[in-house]
Peer 1: 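Starting off with a structure, shown below.
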Amino acid sequence: SGTAIGGTGSGVTFVVTIAASPSSLAADGVTASTLTATVLDSGTTPIANASVQFRSELGTLSTGTSSATAIGSTAALGSILLTNSSGVATATLKSTTAGSATVDAIVVDDGGMARACAETTVTFTTPPAPTISSFSPASGTVGTSVTITGSGFTGVTSVQFGGVPAMIITPVSATQVDATVPTGAATGPISVTTSGGAVTSGTNLFTVTLPPPTAPTISSFSPASGPPGTLVNIFGSNFSGVPGIQFGGVPAMIITPVS
């Protein structure tokens with residue numbers, strides 16, 4: 001935490017403090033530190049409606065409905081907040097990059113000039129690499145929902161089946177992620193990637209199966225009668241891969257192509 005003392009234009013002396021909780025956390029892009037700035041007068045009386053702006057050298061600052069991300073040497077600068085009746089303004093900070101961030105709480109006047117700045121440090125640590133202990137079911141068709149169990153899944157960025165990216169079903173916990181088997185997937189290992197690294201299920205393969213065939217249906221045919229050799233068009237559904245057609249139990253020649 002940090003403390004700064006400054007003066008307002010009206011000559012009132014105030015004290016600004018900033019605290020971060022937690023001050024050390026994983027750089028998984030999900031876990032956030034809550035930043036709390038408190039503005040008091042020279043005694044202990046809170047100053048309401050003081051203008052406070054948070055600044056961080058690392059990560060993404062979120063203040064209400066807005067956010068700002070530090071890029072390179074450009075720090076993240078949050079929108080200006082007004083302290084509540086307790087003299088408090090809050091924001092959150094998260095990061096996908098490990099490192100130590102100097103975080104400031106800046107009190108500004110009506111003209112946007114800084115009058116005081118308290119600072120603290122938030123440390124983002126490299127998250128642990130993910131592990132896969134099991135998945136269920138062990139096989140399924142495209143579109144099947146698969147539950148993957150393990151550890152270090154917070155902030156998961158990718159799940160793949162046999163190298164094909166899958167849709168991740170939220171929410172994701174540290175020990176479980178659900179994903180659907182993607183189109184184009186073939187039998188192979190499942191892989192999970194997070195900001196902490198990547199892991200595969202190794203020789204434990206997920207088997208992609210074909211869906212069961214759907215029975216054909218006949219809606220109509222034309223003409224309704226004719227001598228042997230008459231060309232008959234049969235309409236319906238699920239005719240792809242049809243192995244045979246019979247008229248009164250007698251096999252007929254199929255004219256390709258078949259839709």
Side-chain angles (χ1 to χ4, degrees), residues 1-127 153-157 170-174 194-196:
S1 62
T3 302
I5 300 176
T8 66
S10 61
V12 176
T13 301
F14 55 82
V15 177
V16 184
T17 62
I18 182 173
S21 179
S23 58
S24 179
L25 63 159
D28 55 24
V30 176
T31 308
S33 175
T34 298
L35 309 174
T36 303
T38 304
V39 183
L40 307 174
D41 64 14
S42 55
T44 58
T45 303
I47 299 177
N49 297 317
S51 297
V52 176
Q53 193 168 27
F54 289 95
R55 177 184 179 277
S56 176
E57 296 177 336
L58 186 69
T60 298
L61 271 173
S62 295
T63 50
T65 59
S66 65
S67 63
T69 301
I71 301 175
S73 60
T74 303
L77 193 62
S79 57
I80 294 177
L81 305 173
L82 296 180
T83 56
N84 60 20
S85 59
S86 299
V88 171
T90 61
T92 59
L93 179 67
K94 57 186 177 182
S95 177
T96 56
T97 303
S100 293
T102 298
V103 184
D104 303 314
I106 306 166
V107 178
V108 298
D109 60 19
D110 292 341
M113 296 294 292
R115 292 299 181 182
C117 176
E119 73 175 36
T120 189
T121 300
V122 178
T123 302
F124 291 98
T125 59
T126 301
F153 292 160
T154 302
V156 59
T157 56
T170 54
V172 175
S173 73
T194 71
S195 56

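Excluded from the calculations below are hydrogen atoms, water molecules and symmetry mates; all remaining heavy atoms, backbone and side chain alike, are included. Throughout, residue positions are numbered sequentially from 1 according to the sequence presented.
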Peer 1: For a quick test of reading the model, state the closest non-hydrogen atom pair linking L40 to P46 and the distance between them.
Peer 2: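 In terms of heavy atoms, the two residues are closest at CD2-CA, 3.6 Å.
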
Peer 1: Under the side-chain contact (heavy atoms from CB on, under 4.5 Å) test against L25, which residue among P22, S23, S21 passes?
Peer 2: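 Considering P22, S23, S21, a side-chain contact (heavy atoms from CB on, under 4.5 Å) with L25 is found only for P22.
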
Peer 1: Less than 4.5 Å apart, any side-chain heavy atom of T90 and any of L35?
Peer 2: no

Peer 1: In the structure I gave you, are the side-chain heavy atoms of V107 and S51 within less than 4.5 Å of one another anywhere?
Peer 2: no

Peer 1: Using only heavy-atom distances, determine whether the side chains of S62 and S67 contain a donor-acceptor pair under 3.5 Å.
Peer 2: no

Peer 1: Can you check whether I106's main-chain N or O pairs, donor with acceptor, with Q53's side chain at less than 3.5 Å?
Peer 2: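 No; zero donor-acceptor contacts below 3.5 Å.
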
Peer 1: If every non-hydrogen atom of L61 is compared with every non-hydrogen atom of S56, which pair is closest and at what distance?
Peer 2: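 That would be CD1-N, 3.8 Å.
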
Peer 1: Does V172 reach the side chain of T154, with side-chain heavy atoms less than 4.5 Å apart?
Peer 2: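 SC-SC contact between V172 and T154 ruled out.
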
Peer 1: So V103 and I18, do their side chains get closer than 4.5 Å, heavy atoms only?
Peer 2: yes

Peer 1: Is any side-chain heavy atom of D28 less than 4.5 Å from a side-chain heavy atom of F124?
Peer 2: no

Peer 1: For S95 and G59, which heavy atoms make the closest approach, and how far apart are they?
Peer 2: CB-CA, 3.7 Å

Peer 1: Are any side-chain N or O atoms of T83 and backbone N or O atoms of I47, one a donor and one an acceptor, separated by less than 3.5 Å?
Peer 2: yes

Peer 1: Can you find a side-chain donor-acceptor pair between T63 and S79 that sits under 3.5 Å?
Peer 2: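 Yes, because at least one side-chain N or O of T63 sits under 3.5 Å from a partner of the opposite role on S79.
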
Peer 1: Counting C-beta onward and ignoring hydrogens, is there a side-chain heavy-atom pair between T36 and V88 closer than 4.5 Å?
Peer 2: yes

Peer 1: Which heavy atom of L58 sits nearest to which heavy atom of A101, and what is that distance?
Peer 2: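 Nearest heavy atoms, L58 then A101: CB-CB, 3.5 Å.
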
Peer 1: Mark yes or no for whether T123, through its side chain, and S100, through its backbone, hold a donor-acceptor pair below 3.5 Å.
Peer 2: no

Peer 1: Grab the two heavy atoms, one from A75 and one from E57, that are nearest each other, plus how far apart they are.
Peer 2: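 Closest approach of A75 to E57: CB-CA, 4.2 Å.
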
Peer 1: Over all heavy atoms of both residues, which pair between T120 and A20 is shortest? Give the atoms and the distance, please.
Peer 2: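 What the structure gives for the nearest pair is CG2-CB, 4.3 Å.
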
Peer 1: Just how far is it from atom CG of L81 to atom CZ of F54, taken to the nearest 0.5 Å?
Peer 2: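 Reported value, rounded in 0.5 Å steps: 6.5 Å.
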
